[in-house]
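These notes concern the structure reproduced below.
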Amino acid sequence: MNSIDLSLATAVVVLLLAVGAAAVARLGRLGHAPAVLVACLRAAAQLGAVSLIIVWAVEHALAVAVFVLVMYGVASVTAGRRITSGSAVRWAAVPIAAGTLPVLALLFGSGVVPPLGITLIPVAGILLGGCLTVTALAGRRALDELARRRGEVEAALSLGFSERDAALEICRPPAAQALVPALDQTGTVGLVTLPGAFVGMLLGGAGPLQAGVVQLVVLVALLAAEAVAVVVTIELAARGRFGGQRPGAGLSGGARRANR
């Protein structure tokens, strides 16, 4: 057997892992024990439903497009809610699209990845998931820094910086740390970790070399998409698109006019 089968043993092991993770979170007072169980239950239900849908969708171009758009919508809303609230949530769709679309176009337009539904759905899902994560992390970190170091932003404004430039000076370095996990994953692949695409292809019967090539393409593409998403997220945060108090709001009217 070269794959993981649906069996009673598999179900029991997954259940034990989920309960164990929740127990550790509870004993460690992490505050996420219920969330761990809910996440695991949602994963099981969603993966089961998606598996059935994909079997049908991959044979219909329109269904593939709708499926990818749904993934994009969910990723955008999830990232937006991690960053802010209200109507500003919609701005999270911008960095996710900016990171994902050009990379997808290059991969499929060049023929490196076959233009088939069975390849588009998983590749798009990987890119959207990565961009979701870095957008949420970069956006949240940027807003936190701008709120915590508001005085430094106002000091930069008093020196003649524009609102955007003053905000960037403060929020860009911390928010850029959102890219570190992707850098670590790419830089240590094969030495520390064997990511999902590689393992999945091996379990599916592909040769190690072919699996390695696929994983390399996925990792580099993901890093490129996430880099774009982080840059766009930081830019939006500096321009006040995610809500919160705009940089320089605490300055007097005269001081603001002097900086224009």
Side-chain angles (χ1 to χ4, degrees), residues 21 32 35 39 43 46-47 68 71-84 89 91-110 112-113 119-146 168 170-203 208 210-238 241-242:
H32 296 296
Q46 290 164 188
L47 284 173
V68 171
M71 288 195 296
Y72 169 61
V74 173
S76 300
V77 172
T78 302
R81 288 177 175 174
R82 289 280 186 264
I83 299 170
T84 185
V89 165
W91 284 101
V94 177
I96 292 176
T100 301
L101 286 179
V103 175
L104 279 180
L106 179 59
L107 291 177
F108 288 94
S110 65
V112 170
V113 178
T119 54
L120 175 58
I121 290 176
V123 171
I126 290 170
L127 296 178
L128 288 169
C131 289
L132 182 166
T133 300
V134 297
T135 296
L137 289 175
R140 186 66 264 162
R141 190 67 187 274
L143 292 191
D144 287 346
E145 286 297 306
L146 289 174
L168 283 176
I170 299 303
C171 75
R172 181 159 46 197
Q177 296 300 306
L179 199 59
V180 170
L183 290 170
D184 289 343
Q185 182 184 32
T186 305
T188 62
V189 65
L191 298 176
V192 178
T193 60
L194 293 176
F198 183 87
V199 175
M201 290 198 67
L202 289 180
L203 292 175
Q210 183 184 9
V213 170
V214 171
Q215 185 62 74
L216 178 62
V217 171
V218 169
L219 281 176
V220 175
L222 184 58
L223 184 58
E226 291 184 0
V228 173
V230 169
V231 169
V232 175
T233 300
I234 293 171
E235 184 68 31
L236 291 174
R241 296 296 187 265
F242 291 122

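The side chain to side chain contact (heavy atoms under 4.5 Å, CB included) search around L127 returns T100, V103, L104, V123, A221, L222, A225, not counting sequence neighbours. In this structure V180 satisfies the side chain to side chain contact (heavy atoms under 4.5 Å, CB included) test together with Q177, D184, sequence neighbours excluded. With sequence neighbours excluded, the residues forming a side chain to side chain contact (heavy atoms under 4.5 Å, CB included) with R81 are V77, V89, listed by chain and number. Looking at residues two or more places apart in sequence or on another chain, you find a side chain to side chain contact (heavy atoms under 4.5 Å, CB included) between S110 and V112. Contacts of D144 classified as side-chain hydrogen bond (donor to acceptor under 3.5 Å, both in side chains), with partners at least two apart in sequence or in another chain: R140.
Considering only heavy atoms from C-beta on, V134 stays 4.5 Å or farther from T233 through its side chain. At least one side-chain heavy atom of L236 sits under 4.5 Å from a side-chain heavy atom of P95. Side-chain contact between V230 and L137 is absent, with no heavy-atom pair separated by less than 4.5 Å.
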Worksheet item: Does the pair L120 and V113 meet the rule for a side-chain contact (heavy atoms from CB on, under 4.5 Å), with working shown?
Response: CA-CA 8 Å; L120 175 58; V113 178; over 6 Å; no
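Every pair tested for salt bridge (charged side-chain N to carboxylate O under 4.0 Å, His left out) that includes a residue from residues 222-231 fails, sequence neighbours excluded, so the list is empty.
The CD1 atom of I83 sits 11.0 Å away from the OG1 atom of T78 when rounded to the nearest 0.5 Å. Here the CD1 atom belonging to I126 is positioned 12.5 Å from the CD1 atom belonging to I121, to the nearest 0.5 angstrom.
Judged by distance alone, with hydrogens and angles left aside, the side-chain atoms of T84 form no donor-acceptor pair with the main-chain N or O of G80 at under 3.5 Å. Panel note: side chain Y72, backbone A93; a donor-acceptor pair is recorded below 3.5 Å.
Smallest separation of non-hydrogen atoms from A79 and T135: CB-CG2, 4.2 Å. Between A227 and L179, the closest heavy-atom pair is N-CD1, 3.8 Å. Heavy atoms only, all atoms of each residue included: A75 and I96 are closest at O-CD1, 3.5 Å. The two residues I234 and A175 come nearest to each other via the heavy atoms CG1-CB, 3.6 Å. Between A124 and M71, the closest heavy-atom pair is CB-CE, 4.3 Å. Residues V232 and V94 come closest through the heavy atom pair CG1-CG1, 3.9 Å.
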